[in-house]
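Computation of the quantities below employed the complete heavy-atom set of this structure, encompassing side-chain atoms and omitting hydrogens, waters and symmetry-equivalent molecules.
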Amino acid sequence: MRRLFPHPYLTLTLVVLWFMLVNELKLGSLVLAIILATAIPLITSAWWPDRPRVKRPFGLAAYSILVIWDIIVANFQVARIVLLMPRAKIQSAWVTIPLDLTSPEAKSLLAGTITMTPGTLTADMSADGRALLVHALHAPDPAAVRDDIKARYESRLKRIFE
């Protein structure tokens with residue numbers, strides 16, 4: 001079974017994403033989704049022989065719900081900053097986030113989460129992979145932004161992947 005589905009979570013994710021893209025539940029869509037979701041991991045498995053270790057898959061689902069909620073809230077916050085705050089009062093800042101994560105998948109997911117959340121952007125990762133450079137649209141207290149990212153996202157990813 002592992003030969004046919006070398007990355008089962010990726011296969012499942014691709015099927016779900018396919019249905020989100022086509023936006024219809026038909027037999028033909030299901031067949032094509034299964035074909036693509038089986039072929040893509042088989043073709044790409046040579047480039048990532050180590051399977052990501054997800055210790056708590058349900059924790060990943062809860063993490064996704066949290067991120068979606070934070071994206072919704074951040075959209076309103078950014079709209080308030082851009083539309084209502086005088087330009088002179090916006091305090092953009094570069095924030096260095098030291099990482100406790102060791103899993104490359106967890107680091108990548110954290111960087112993506114930061115970038116997807118309006119108002120923040122992951123700009124760079126240190127050469128040793130132990131810190132992220134994040135730009136925040138409005139950060140009067142950069143240390144609070146750092147602590148919030150570590151407590152809200154990194155700690156959860158550490159429980160999920162490590």
Side-chain angles (χ1 to χ4, degrees), residues 6-23 36-37 40-41 44-45 47-162:
H7 303 285
Y9 292 124
L10 176 60
T11 301
L12 180 63
T13 302
L14 290 173
V15 168
V16 170
L17 286 175
W18 181 259
F19 277 110
M20 290 173 66
L21 286 171
V22 297
N23 201 21
L36 289 173
I40 291 171
T44 62
S45 65
W47 287 283
W48 48 316
D50 298 329
R51 289 179 184 89
R53 304 283 183 236
V54 179
K55 290 186 176 181
R56 294 187 173 112
F58 292 111
L60 196 53
Y63 179 80
S64 299
I65 292 168
L66 171 75
V67 170
I68 290 168
W69 174 253
D70 285 351
I71 288 170
I72 292 168
V73 170
N75 272 298
F76 288 106
Q77 291 171 340
V78 168
R80 183 183 51 81
I81 291 167
V82 171
L83 297 174
L84 303 176
M85 190 175 285
R87 189 173 190 169
K89 291 191 178 191
I90 297 176
Q91 299 174 348
S92 296
W94 290 99
V95 183
T96 301
I97 312 291
L99 297 177
D100 297 327
L101 297 170
T102 56
S103 164
E105 294 81 14
K107 290 177 185 179
S108 177
L109 194 54
L110 176 62
T113 299
I114 292 167
T115 299
M116 284 187 297
T117 307
T120 55
L121 173 77
T122 304
D124 197 11
M125 180 183 276
S126 64
D128 63 358
R130 301 182 131 250
L132 292 176
L133 180 63
V134 173
H135 183 268
L137 174 64
H138 181 64
D141 184 8
V145 172
R146 179 198 65 222
D147 295 343
D148 188 42
I149 288 172
K150 289 188 72 62
R152 194 157 180 87
Y153 302 128
E154 187 185 30
S155 64
R156 285 176 169 87
L157 288 173
K158 193 166 181 80
R159 287 192 301 269
I160 293 168
F161 285 98
E162 298 174 4

Closest heavy-atom contact between [X] and [Y]?
X	Y	answer
Leu10	Pro41	CD2-CG, 3.7 Å
Lys150	Ile97	CG-CG2, 4.0 Å
Leu99	Met125	CD1-CE, 4.4 Å
Ala111	Thr122	O-OG1, 3.0 Å
Ala151	Arg156	O-NH1, 3.8 Å
Pro118	Ala74	O-CB, 3.5 Å

Requested in this report: Let me see the working for Thr113 and Tyr63 under side chain to side chain contact (heavy atoms under 4.5 Å, CB included), right down to the final yes or no.
Outcome: CA-CA 10 Å; Thr113 299; Tyr63 179 80; 2.8 Å; yes
Could you tell me whether the side chain of [X] and the main chain of [Y] form a donor-acceptor pair under 3.5 Å?
X	Y	value
Asp148	Ala144	no
Thr44	Ile40	yes
Thr120	Ala136	no

Is there a side-chain contact between [X] and [Y] (heavy atoms, below 4.5 Å)?
X	Y	result
Asp70	Tyr153	yes
Leu109	Leu60	yes
Leu17	Met20	yes
Leu14	Leu36	no

- Query: Which pairs with one or both residues in residues 125-143 pass side chain to side chain donor-acceptor pair (under 3.5 Å), sequence neighbours excluded?
  - Reply: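 Only Ser126-Asp128 qualify under side chain to side chain donor-acceptor pair (under 3.5 Å).
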If the test is side-chain contact (heavy atoms from CB on, under 4.5 Å), which one of Ile72, Ile65, Leu66 qualifies with Ile68?
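So, applying the side-chain contact (heavy atoms from CB on, under 4.5 Å) to Ile68 and each of Ile72, Ile65, Leu66, only Ile72 qualifies.
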For Leu121, which of Leu137, Val134, Thr115 qualifies under side-chain contact (heavy atoms from CB on, under 4.5 Å)?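 With Leu121 as partner, side-chain contact (heavy atoms from CB on, under 4.5 Å) holds for just one option, Thr115.
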Atom pair [atom1]/[atom2] of [X] and [Y] - distance to nearest 0.5 Å:
X	Y	atom1	atom2	value
Asp100	Lys107	CG	NZ	10.5 Å
Leu157	Glu162	CG	CD	9.0 Å
Gln77	Thr117	CD	OG1	10.0 Å
Ile149	Ser155	CD1	OG	12.0 Å

Practice task
For side chain to side chain contact (heavy atoms under 4.5 Å, CB included), just list the numbers for Thr96 and Arg146, CA-CA rounded to whole Å, side-chain angles, deciding distance to a tenth of an Å, and then say yes or no.
Solution key: CA-CA 7 Å; Thr96 301; Arg146 179 198 65 222; over 6 Å; no
Begin with the C-alpha distance, continue with both residues' side-chain angles, and end with the deciding distance and a verdict on side chain to side chain contact (heavy atoms under 4.5 Å, CB included) for Leu110 and Phe161.
-> CA-CA 12 Å; Leu110 176 62; Phe161 285 98; over 6 Å; no
